[in-house]
Amino acid sequence: MDKAELSHNEQTQQKWDLVIQPKGKWYDLRLRNVLRYKDLLWLFVRRDFVAVYKQTILGPVWFFVQPVITALTFTVIFGGLAGISTDGIPGILFYLSGITLWTYFSDSLTKISDTFTTNASVFGKVYFPRIIVPLSVIFSNLIKLSVQFLLFLVVWIYFLTTSDKIYPRFELMPLLPLLILIMGFMGLAFGIIITSLTTKYRDLKFLVSFGVQLLMYASPIVYPLSVVPEKYKMILLLNPLTGVIETFKCAFLGSGVFSWVNLSYSIFCTIILLFIGLFLFNRVEKSFTDTV
Amino acid sequence: MSDIVLSAENISKQYRLGQLGTGTVSHDLNRWWHRMRGKPDPYLKVGDVNDRSKTASGEYVWSLSDISFNVQRGEVLGIIGKNGAGKSTLLKILSQVTAPTTGVIKIKGRIASLLEVGTGFHPDLTGRENVFLNGAILGMTKTEIKRKLDEIVDFSGVARYIDTPVKRYSSGMMVRLGFAVAAHLEPEILIVDEVLAVGDAEFQKKCLGKMKDVSSEGRTVLFVSHNMGVMNNLCSRIILLDKGRVERAGLPGEIISHYLMGGAENRSFGKIPENTPRHSYHKDVLRINFLEMLGANGERRESFMYLEKAIAEIEIESQAELQDVIIMFSLMQEEIGQLTYSASNDPYNKLKVNIRKGSNKFRISIDQNVLPGNYQVGIAILDKGGYPYDYLQHFGRIKIEKFSEQKDMYPWEKNLGLVNTKTKFEQI
């Protein structure tokens, strides 16, 4: 190759399949690429699911343990010791109904929030759309959620037949997929925002587990929305998770406060947060290997 | 009409030295403030040349600066350079792992990169599961992998352990499996970092063969390696990077010898500088302090024709009188080491060498029969037992030229060996 060839070539009008530039256009989220890698998404989901329970005897049974223990702890502490109302619903069922969706959200958020740092070695070697990794977390946690939901159903049916305090609103149950979707995407949105902000400055990372805990107490999980004093209710309703959890409780236990306004607000927040997250994530993924 | 599949224009990459800390916040803010006012990034102007050995004066360094090149379909482009010359950074940018600071790269067709073997292998998953995972990470679809699974397992040679978790594999087996997956990628452009360094000889051969196949199928390979023999064999063209710039680009033989000689720019002939590294067993007895290569007519030469006679003249400064020493002359190649050997006590010489105190001069006539290429001259003064008084290996290089007028005699481009044994052929 001679010097002339080294310099610019005049074939700039050619069709190129890929153009690598310092910074892409901010609105170009390159989601089209994700479809090409959908097989990778499923393999990641499979890996996360299989790898966790390899060399354990009980395997996925461990999925049950976490919510059961948490629900029991809540029953003893919040129901027994603190005496917080459960709207007349049996304690274990009340807490389980809150935890099931909440765990999906919080687990996803926590795991996604360090996507860049934990996958740095892979990301540093191969290119694939980075968003695949957080998406795979959402999906593998969905498997966990369905197992835990099954547990909830068993407990629910038990109390439905033995107690007369539960009045499910069956007409709200078709909303369940939407509720799961909101929780999943909300976890995704918060997670990718945090991971994007913490590649360079890790300060925020210290707040994650703390923040998630705070957010749980700011959501109607260990208490019903109905017992919240009027002056705090506004804060609680600002929390986009409130609408989702209340709808779930209303559908299955008949004890929550269901309103289309609250639910629409949750959907609206999810969409906004998701766009902010995707935008940040997209910016960071191009050069995070230099700063991680 | 040339068919360019990859075109890099003015690629530069700036890195910040040292740790990220509170200092970076003020830089980030300043950068943001400049951008808001539509001004260029203030920190892009500063920055040292990428020279690993010098202490940096600024906080930023240009790991790559202004790299431009084109790659044509079916080409095997080699990238060579010293450690820290920017090879890996360039490959990282090409494989989209990190973005360039400035510049544009345009690519036609699917591109896959192999900067590491077995990226994303999960220790708890079996070999088979990892083949799928790794394949998908590298950009293959599930059906593609399924179709090639038998081939991959066969190529890797670990069929027996394919259903065992890879954490039980030896590191060699892991590499074999990883490369097997990568070898069955079918991208239009394949980027390979030095991954052949591991794995046994048999497997390395297999890998190189596979890479040759890839290029003969009309696909393009970009390849980084420090193994010049492999580079010479495999590449159709080579780019030499130095301190983040393209120092030279061209045919492998030419660039590689330039690169190998690059470290020895001031080691030509004549008076030997004080700091030239030497090897000696008897310290401070004598020194070779002058070396010159001459042609048959006594003129100073650095290059000789193939099979042309050459003369070396040396001067030795000795602190003592020495009896029965041996002078040795050899030609060496970077890759192989010492290639030829002749000594003053060879059967056809039988010269008894005695050294006087002070200056001694010797003439060495060489009936050289090495094939065209670049060679290093090695000269040693040894005692009877073969222990060196002085052994000079890093000074003096000669080039053996091809006959231009005898093209028919050696029609091939590459040497098919290194030494001509002056063999007589007869029909009987």
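All values below were derived from every heavy atom in this structure, side-chain atoms included, with hydrogens, water molecules and symmetry-related copies excluded. Residue numbers start from 1 in every chain, and the chains themselves are labelled A, B, ... in the order their sequence lines are given, proteins ahead of strands.
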Flag the pair A:V126 / B:V97 as yes when at least one side-chain heavy-atom distance between them is below 4.5 Å, and no otherwise.
no
Is the shortest side-chain heavy-atom distance between B:V104 and A:I20 below 4.5 Å?
no
Taking C-beta and beyond as the side chain, do A:F44 and B:I137 meet within less than 4.5 Å on heavy atoms?
yes
Would one find more than 12 heavy atoms of other residues, nucleotides or ligands at under 6.0 Å from atom CZ of A:F152?
yes
Under 4.5 Å from a heavy atom of chain A, the part of B:L94 involved
backbone
Using 0.5 Å steps for rounding, measure from the NZ atom of A:K125 to the CG atom of B:L138.
13.0 Å
Hey, which of A:R47, A:K38, A:R36 has the most heavy atom pairs under 4.5 Å with chain B?
A:R47
Per-residue contact mode, A:F123 against chain B (heavy atom under 4.5 angstrom):
backbone
If you tally heavy-atom pairs under 4.5 Å between each of B:P165, B:G135, B:G109, B:A112 and chain A, the highest tally belongs to B:G109
Using a strict cut-off of less than 4.0 Å between a Lys/Arg side-chain nitrogen and an Asp/Glu carboxylate oxygen, indicate whether B:E129 and A:R46 qualify as a salt bridge.
yes
I need the minimum non-hydrogen distance between B:Q96 and A:R130, along with the two atoms involved.
O-NH2, 4.4 Å
Nearest heavy-atom pair of B:K92 and A:G124: which atoms, and what distance?
CE-O, 3.8 Å
Under the 3.5 angstrom rule, does the side chain of A:D39 hit a backbone N or O of B:K142 as a donor-acceptor pair?
yes
